[in-house]
Every structure is written in structure tokens, then in C-alpha cells.
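This report refers to the structure that appears directly beneath it.
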Amino acid sequence: MRELGHEFFARSVHEVAHDLVGCTLAVGETAGKIVETEAYDATDPACHAYIGRTARNEVLFGPPGRAYVYLSYGIHSLLNAVAEPEGSAAAVLIRALEPTAGIELMRERRGRDELEELCSGPGKLTEALGVGLDLNGADLTAPPFALHPPGRSWNGTAVITGPRIGITKAAELPWRYCAAGSRFVSRPRPVSLQRPGRRREARV
DNA sequence: GCCAGGATCGTCT
DNA sequence: GACGATCCTGGCG
């Protein structure tokens, strides 16, 4: 089976985010098909690299094809794929997977049985795959990671775009990419999809 | 089924 | 000392 190489990631972050949907991501014995991603680049106020280079976002400025893993809300590790040539800071957030291998192990790690609850969110899938901060900066094209392009059955599946989720800055940018009709995409609260600045509009 | 609130900690001001 | 690219639980209808 073919694997993606570094050249796949050395392109516009939007192309990479779009093309990653449908690919299979494996970490150790677990694997899943990517069904939801988001693009972040350095011109984007929501991107960690927007404020410039720091110790935390160092990996974003490095060579493409690496994993950028960071801790969100002090609890969840979030997995990104670094894109664009070295020196250009951009990354694709992996938001959801459709589990395809190592499902029993995922269930143990997640403490859940339902397939839809294993990887349907950026914090969930890192727990299911066993991705932690220790993998920050690791090469996505080498063990324990492996990335494979979509198989034949994927041909014809639409990738739809929409606003990003769970952020307060530049949330209106349509830089989220989803596999159309997938049951495994994350399910954000409707409020997250409303326009910014109106998040707590009084009801009644 | 929907919503509000809490958990928890690395990073930056 | 404040703030998240989140998730889960409990209370209510």
C-alpha cells in the first residue's frame, strides 16, 4: 500500500487539509479514516503561529509532514499535521476519524463502546490513538505514524467546507473540511456555528 | 434531547 | 493571573 511522503505536505495548507480527508491515519495498532480537518495558517488570528515564533509553536515553523501536538484546556492533546515548506507556519488540525483498525484498543482507551464516540472529535481521537505530547514534532511518515491515501471506494465522495469550530477568532473562515454524509464527524453545539460576537444572545 | 458548568495545566502577559 | 483549536456529566423538560 502506498504511503504519503513529505511532498504531500509541502503545499498550500488548504490543499493539504482538503486532500487529507479520506486518507487513513494509523498510529501503532490503531487506525482510522480522516473525515474532518481544519486549516490554520500564520495569517490567521486563530493560529498558534499568528503571534510569531515561540517555544510552544516551534514545530509549526519547521519542515512539513511533522506532528504538532499540544494540550488544550489542560486536558486534551490535539493532533495537527504541519504543512507548507519549512519557514512557512501552517498546520491541519485532525478533527475526526472513522475507526478502521484496533477498535477494541480504542474502546479500552476511551472507556466507550459506541463506534461514533471513539474518534468524533479532536480530543477524542488522540485518546483513542494514544497520541500525547511526547509525539510533538514526530515524523508523520514514520512509525508509530503511517498515512495512506484513500482507496478506490473513496472516489466520488464529496468533501464539503464550512466554518471552523470551537474557536473565538476568525471563526467565520470556511476552513473546515468534512467528508459529506459521514456519521463520524464531530457534533459541535449549534452556538459554535453562529456568527462571532453574538454567542450569548439573550433568548426570549 | 438540550444546555450549563466544571475539569485542569501549559503558555503567554 | 487569564485563557483556551475540548469533553463529559448532571439537571431539567
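A note on names: the letters A, B, ... follow the listed sequences, proteins ahead of strands, and every chain is numbered from 1.
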Complement of B:dT8, any strand, by Watson-Crick or G-U distances under 3.5 angstrom: none
Only pairs with both distances under 3.5 Å count, Watson-Crick or wobble alike; so what is the partner of C:dA5 in this structure?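 Looking at the geometry, C:dA5 pairs with no nucleotide.
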In whole Å, I'd like the distance from the [atom1] atom of [X] to the [atom2] atom of [N].
{"X": "A:Ile51", "N": "C:dC3", "atom1": "CD1", "atom2": "P", "result": "16 Å"}
{"X": "A:Leu71", "N": "B:dC12", "atom1": "CG", "atom2": "C1'", "result": "15 Å"}
{"X": "A:Asn136", "N": "B:dG10", "atom1": "CG", "atom2": "C1'", "result": "12 Å"}
{"X": "A:Ile167", "N": "C:dC3", "atom1": "CD1", "atom2": "C1'", "result": "15 Å"}
{"X": "A:His48", "N": "B:dC12", "atom1": "NE2", "atom2": "P", "result": "10 Å"}
{"X": "A:Tyr50", "N": "B:dC12", "atom1": "OH", "atom2": "P", "result": "16 Å"}
{"X": "A:Asn57", "N": "C:dA5", "atom1": "CG", "atom2": "P", "result": "13 Å"}
{"X": "A:Arg109", "N": "C:dC7", "atom1": "CZ", "atom2": "C1'", "result": "18 Å"}

Any side-chain N or O of [X] less than 4.0 Å from the OP1 or OP2 oxygen of [N]?
{"X": "A:Arg53", "N": "B:dC12", "value": "no"}
{"X": "A:Thr54", "N": "B:dC12", "value": "yes"}
{"X": "A:Arg112", "N": "C:dT9", "value": "yes"}

Looking only at side-chain atoms of [X], point me to the closest of [options].
{"X": "A:Ile75", "options": "C:dC8, C:dT6, B:dT8", "value": "B:dT8"}
{"X": "A:Tyr73", "options": "C:dG4, B:dC12, C:dC8", "value": "C:dG4"}
{"X": "A:Tyr40", "options": "C:dC7, C:dA5, B:dC12", "value": "C:dA5"}
{"X": "A:Arg110", "options": "C:dC8, B:dC12, C:dT6", "value": "C:dC8"}

I'd like to know if A:Glu127 pairs up with A:Arg109 as an ion pair, taking the criterion as any Lys NZ or Arg NE/NH1/NH2 lying under 4.0 Å from an Asp or Glu carboxylate oxygen. no
More than 12 non-hydrogen atoms from neighbouring residues, nucleotides or ligands closer than 6.0 Å to CZ on A:Phe61, yes or no? yes
Surrounding CD of A:Glu29 (heavy atoms of other residues, nucleotides or ligands, distance under 6.0 Å), is the total greater than 12?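 Atom CD in A:Glu29 is not crowded, with 12 or fewer foreign heavy atoms closer than 6.0 Å.
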Heavy atoms under 4.0 Å, any strand shown: does A:Lys169 hit a base, just sugar-phosphate, or nothing?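 The answer is nothing, as A:Lys169 stays clear of every strand by at least 4.0 Å.
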May I ask you to say what A:Gly123 touches in the nucleic acid, namely base, sugar-phosphate or nothing, with a heavy-atom cut-off under 4.0 Å?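 Contact class for A:Gly123: sugar-phosphate only.
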Determine whether the side chains of A:Glu98 and A:Ser182 contain a donor N or O and an acceptor N or O closer than 3.5 Å.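 The answer is no; no qualifying pair exists.
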Among A:Arg176, A:Glu172, A:Arg95, A:Lys169, the one residue meeting side chain to side chain contact (heavy atoms under 4.5 Å, CB included) with A:Arg164: A:Arg176
